[in-house]
Amino acid sequence: MGNCKCDNPYLPYPATIKEVIDETVDVKSFQMVFDDPEVMESFKQQPGQVAQISIFGVGEATISITSSPTRKGILEFSVKKVGQLTAALHDLGPGSRVGVRGPYGNHFPYEIMKGRDLLFVGGGIGLAPLRSLIDFVLAGENRKEFGKVEIIYGARSVDDLCFKYDILDNWPKYDNTDVYVTIDRADMAWQGHVGFVPSYLEEVKPSPLNKYAITCGPPIMIKFVLQALNKMGFQDGQIITTLEMKMKCGIGKCGRCNIGSKFVCLDGPVFTLSQLKELPPEF
Ligand SMILES: Cc1cc2nc3c(=O)[nH]c(=O)nc-3n(C[C@H](O)[C@H](O)[C@H](O)COP(=O)(O)OP(=O)(O)OC[C@H]3O[C@@H](n4cnc5c(N)ncnc54)[C@H](O)[C@@H]3O)c2cc1C
Ligand code: FES
């Protein structure tokens, strides 16, 4: 469980921030490297897994690893400033040191997605976990193992679009890959589509045949995206999402993340819609 080879599973490994990318006014991406090259080498994440990032004297937060495992020697996290830890992280720059432990949780089941088309539907910073799988699928020889890739992504405004270099420049260049970007409200600086992600999804109307849909975003977006997918004929087992429930220990000990008998940190954060529907009604 995680990369820790010591007796204390809560012990973070020191890492240094190498680069910080300003994605939006409240989201930054942090590229980090473990100080110990052996830890860097042994940290083997899968797309969709998370890590606990800590700052000494401040605390810890669960953050998805947004970089694909095909990108060696560096880990990337995209973080929205919402509270104590994330604000403190936003104040750090290249050369600053943090703690990282993980990787935790299950991963996107790319093994069963091979040979299928993939539809990604993301909103705001919800693209961060999806990006680890998108880059994994598009990387080198992996690309041949998957069919058509469609990415539908939206944010409130142009300024709120994360990973502009990927959605507008990098990803559309790949073969058999279509990227659809939308913003909620019209903007003089935006020539593209305007409207909410679920309505754009219905306009694009991707076929459910031989396809998995993978979605992540704000709860209200997910609710309407799931309805739209069902309406278009996607079955619950074809729909995969990743939950952002409050997590603390990341290793099944604290009980902070449980839904009925399931622990998001162990059984998730990735679930099919069929699995989610088996969870207790309060969820
Ligand atoms: C599986 C998973 C994956 C995740 N992936 C990502 C990711 O990739 N990127 C990302 O940015 N986040 C991600 N999150 C969410 C992230 O873990 C939380 O946003 C983070 O823990 C917040 O930590 P914090 O210390 O900054 O916020 P906290 O200080 O714990 O605050 C959390 C919330 O409480 C509110 N709050 C804080 N202080 C007060 C106060 N005094 N009064 C009232 N309200 C207050 C904040 O506004 C915020 O909404 C993920 C979570 C999970 C479980
Ligand atoms: S986060 Fe502690 S049990 Fe899941």
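FYI, the numbering just counts along the sequence from 1. When a ligand or atom number is given, it counts from 1 through the structure's own listing order. Because the structure is a prediction, the values reported are computed rather than measured.
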Of the protein's non-hydrogen atoms, which lies at the shortest distance from atom 25 (O) of ligand 1, and what is that distance?
-> L85 N, 2.9 Å

Distance-only, no hydrogens or angles: does the D36 side chain make a donor-acceptor pair with backbone N or O of M40 under 3.5 Å?
-> no

Among all protein heavy atoms, pick out the one at the shortest distance from atom 3 (S) of ligand 2; state its residue, atom name and that distance to 0.1 Å.
-> G255 N, 3.2 Å

Find all atoms of ligand 1 within a distance of less than 4.0 Å from any non-hydrogen atom belonging to T86, and give their numbers and elements.
-> 24 (P), 26 (O)

If you count the atoms of ligand 1 from 1 in the order shown, which ones are under 4.0 Å from a heavy atom of V50?
-> 1 (C), 3 (C)

Ignoring hydrogens, tell whether any protein atom lies closer than 4.0 Å to atom 5 (N) of ligand 1; use the non-hydrogen atoms only.
-> yes

Closest to atom 47 (O) of ligand 1 among protein heavy atoms sits V82 O, 2.9 Å

Is the side chain of Y153 donor-acceptor paired with the backbone N or O of G124 at a distance under 3.5 Å, no angle test?
-> yes

What protein heavy atom is closest to atom 14 (N) of ligand 1, reported as residue, atom name and distance in Å?
-> T62 O, 3.3 Å

Would you call I239 and V225 a side-chain contact if the rule is heavy atoms closer than 4.5 Å?
-> no

Between F43 and F34, what is the ring plane arrangement, given parallel below 30°, perpendicular above 60°, and tilted in between?
-> tilted

Hey, is atom 42 (N) of ligand 1 under 4.0 Å from any protein heavy atom?
-> no

Any N/O/S atom of C254 sitting less than 2.8 Å from atom 4 (Fe) of ligand 2, backbone or side chain?
-> no

Please could you name the atoms of ligand 1 that K80 approaches to less than 4.0 Å, counting only its heavy atoms?
-> 10 (C), 11 (O)

Can an N, O or S atom be found in C265 less than 2.8 Å away from atom 4 (Fe) of ligand 2?
-> yes

